[in-house]
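A quick write-up on the structure given underneath.
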There are 2 protein chains.
Amino acid sequence: MKIVTIKDIAKVTGFSPSTISRVIANNSRISEETKQKVRAVMDELGYHPNLTARNLVVQSTKTIGVIMPSSADKSLQNPFFTEVLRGIGSYFHQKQFSMLLSSGQTEEEKFKEIERMVLGKYVDGIILLYSRLNDSVVDFLKEKNFPFVMVGKPSEYKDEIVHVDNDNIKAGKDITEHLLENGHKRISFIGGAADLVVTIDRQKGYETALKEAGIPVSEEYIIHTEFLKSGGREAVEQILELKVKPDAIVVSDDLISVGVISMLEEYGLKVPEHISLVSFNNIYFSEIIHPALTTVDIQIYRLGVESAKAIIQICTNQVLNEKRIIIPHCIAYRNSVKVIK
Amino acid sequence: MKIVTIKDIAKVTGFSPSTISRVIANNSRISEETKQKVRAVMDELGYHPNLTARNLVVQSTKTIGVIMPSSADKSLQNPFFTEVLRGIGSYFHQKQFSMLLSSGQTEEEKFKEIERMVLGKYVDGIILLYSRLNDSVVDFLKEKNFPFVMVGKPSEYKDEIVHVDNDNIKAGKDITEHLLENGHKRISFIGGAADLVVTIDRQKGYETALKEAGIPVSEEYIIHTEFLKSGGREAVEQILELKVKPDAIVVSDDLISVGVISMLEEYGLKVPEHISLVSFNNIYFSEIIHPALTTVDIQIYRLGVESAKAIIQICTNQVLNEKRIIIPHCIAYRNSVKVIK
DNA sequence: CTGTTAGCGCGTTCAA
DNA sequence: TTGAACGCGCTAACAG
């Protein structure tokens, strides 16, 4: 299959390559007549611009690297990611941008890969889909002064790094207060990985709500677990060993909730009859499992859209009003909370 | 930030650009001594090869377009996708390949995008993460003779299209037989989108198992639904309206199972006490929900790895022994099946 | 409105 | 073992 280039079109039409190029760009200084002619020949010969060649000369790829947690991380299974990806994709598509997905299994592999993308100028910008404590990737990007935005709150340099986030502290407070308002007094917190900023913030909100309600925050009531089944088990077992058992739990992520609920059931505790439970994210699952989860809807899709919008703005040198873009949350009230009067 | 190119290194070291290029390629005809020198200067100046420039000259990008269902499709929420992506990524990483993710919301957008990737020579190959009936994308790729592999079984041209698949007919048969062996006689089938080849195959297996057991296949017992909640509801309602209610259900996808189980519970039917249920995929969830699902483990991760391996083989002109690559399945026995003696 | 010229940064002949 | 020259396919100055 012969490759059709701009030159071929030039030859056939009798115009110069630059004219052809202008037709492609739909340059206004080209007469409609020539445009017609040129386009006809393009169709005929099946011409299509070579993106790589164009990228080389314009020094831009219109491609953004989208970085997920390293794939060894269990949290990758979280439907959260496909949902942000959907959001990002929808905006990218309309702006004709592409997403290059990271694939590293370990932190180190991921780092190498990002280095390759960035230093090799294979992407114009980066979207980080998570925020961790002491992330070398962030340091690297900052040092290189490379355009990037983060979904979630940076652990450092909050007013230098553009990020799209929920007010997770507020969200944690809101959902805990919902429990309080429904008469719950002994509220436990089960969080995911403790080095995730999002976990920290939600926990902070939980603590704030308790304090404001005059309820002391007890260390025993706060548990950290992984996304693994055994983790869910341990968390539940820890709770069951408490002298005074909680009447409600705030879980930092819907996915963990699923495990926790099923563990509780195994120990004969039903949600919400015996114990109430709320969590965060409002992934598709939280609505279809039994009981349907009362959870904070953080609008994952919008997080994706806005981060896409932000990175494209940065890459196209538009002004960005704010470093911190907050997506509002709301509570999806469902059936995992019992009303204690 | 000044861009460091091969020429800069050439200037500083006193060698010619072509020598530098050879050092990068680690060409054996360059003396170790010069290599050392050149590399030292590269480090010093912070040189990194420009991937776009390289891609242009070698006429290859070492990136593969990975195509998901259009993002309007609810099935995208299925953790299946992140899991294949993990598999693909792990192999790509080790071969230094990149993944370009599709983002189209509608079928048409997706088609346009693929056209752009392919015609614009922005990718060396394509992996299709689904298989539908009458897919124009497949026709396009076939017609252009563009390298691609499919995860799942093609609806047409089975022995022309390279694809990585499970033996879903066998899987459907196996899991149905498991039900049969446990004493179930009235077995219903709930399938996802009816134009997905995978649904069709699993149903075929279900029917085969029934026939071989001498049980007539009843149209009433076969229901198709979407991934939506309402769909799950309708499916369950249809089942409950049956004069003779089934004692077990084969569901074509774990994600649908979740909805079905929760609907059943809403109607007072517990799994497996009142009705047994089995399904397919063995996503992370199926293990942590209650009851833990007895499901066909199709090894999603491996599907990803093998499809990655295949597309890279094709793109690097290696010989591929088989068009059809089958990933073996096995049954993960858990707690959603009751034994009727 | 259109053509000429010059690169973008790199790999690869061919010659030395 | 190294260098000069060319070209990948395209855009963008500068001319006219």
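Just so we're on the same page: letters track the sequence lines, and every chain starts at 1.
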> Quick one: A/K7 NZ to D/dT11 P, roughly how many Å, whole number?
Replying inline: 13 Å
> Is any side-chain N or O of A/S18 under 3.5 Å from a base N or O of C/dT4, one able to act as donor and the other as acceptor?
Replying inline: yes
> Do the charged groups of B/D159 and B/K323 touch, with an N to O distance under 4.0 Å?
Replying inline: no
> Taking the side chain from B/E109 and the backbone from B/Q105, do they hold a donor-acceptor pair closer than 3.5 Å?
Replying inline: yes
> What integer distance in Å separates A/M42:CE from D/dG9:C1'?
Replying inline: 13 Å
>> Once you apply a heavy-atom cut-off of 4.0 Å, does B/P17 come out as touching a base, just sugar-phosphate, or nothing?
In response: nothing
> What heavy-atom pair brings B/P154 and B/S131 nearest, and what distance separates the two atoms?
Replying inline: CA-OG, 3.7 Å
> Could you state the CG-P distance from A/N55 to D/dT11, rounded to the nearest angstrom?
Replying inline: 10 Å
> How about A/T106 and A/E108: does a side-chain donor come under 3.5 Å of a side-chain acceptor?
Replying inline: no
> Are A/Q59 and D/dT11 close enough that a side-chain N or O sits under 4.0 Å from OP1 or OP2?
Replying inline: no
> Can B/K110 and B/E107 be counted as an ion pair, charged N to O under 4.0 angstrom?
Replying inline: yes
> Step by step, would you call B/N55 with B/T61 a side-chain hydrogen bond (donor to acceptor under 3.5 Å, both in side chains)?
Replying inline: CA-CA 5 Å; B/N55 289 348; B/T61 58; 5.4 Å; no
> Rounded to whole angstrom units, what separation is found between the CG atom of B/L56 and the C1' atom of D/dG7?
Replying inline: 9 Å
>> Let me confirm one number: the OG-CD distance from B/S98 to A/E113, rounded to the nearest 0.5 Å.
In response: 6.5 Å
> Over how many whole Å does the gap from A/K62 atom NZ to D/dT11 atom C1' extend?
Replying inline: 15 Å
>> Just to be sure I understand the geometry, which residues of residues 20-32 of chain B put a non-hydrogen atom under 4.0 Å away from DNA chain C?
In response: B/S21, B/R22
> Using a cut-off of less than 4.0 Å, is there contact between a side-chain N or O of B/K121 and OP1 or OP2 of D/dC8?
Replying inline: no
> Given atom CG of A/N50 and atom C1' of C/dG9, what is their separation to the nearest angstrom?
Replying inline: 15 Å
> Once you build an axis from the first five pairs and another from the last five of the helix from C/dC1-D/dG16 to C/dA16-D/dT1, how far apart in angle are they, to 10 degrees?
Replying inline: 40°
>> Tell me whether A/D124 contacts the main-chain N or O of A/C315 through its side chain, where contact means a donor paired with an acceptor under 3.5 Å.
In response: no
>> Over all strands shown, is B/G14 touching base, sugar-phosphate only, or nothing at heavy-atom distances under 4.0 angstrom?
In response: sugar-phosphate
> Going through the distances and angles, do A/V198 and A/K153 end up as a side chain to side chain contact (heavy atoms under 4.5 Å, CB included)?
Replying inline: CA-CA 7 Å; A/V198 60; A/K153 189 166 87 180; over 6 Å; no
>> Whole angstroms only, please: what is the CZ-P distance between A/F15 and C/dG3?
In response: 6 Å
> Does the side chain of A/T34 get closer than 4.0 angstrom to OP1 or OP2 of C/dT2 through an N or O atom?
Replying inline: yes
> In whole angstroms, how far is the P atom of D/dC10 from the CD1 atom of A/I6?
Replying inline: 5 Å
>> Tell me whether A/E160 is salt-bridged to A/K142, with the criterion being a basic N under 4.0 Å from an acidic carboxylate O.
In response: yes
> Can you tell me if the side-chain N/O atoms of B/S16 get under 4.0 Å from OP1 or OP2 in D/dG3?
Replying inline: yes
> Within less than 4.0 Å of OP1 or OP2 of C/dC10, is there a side-chain N or O belonging to B/Y47?
Replying inline: yes
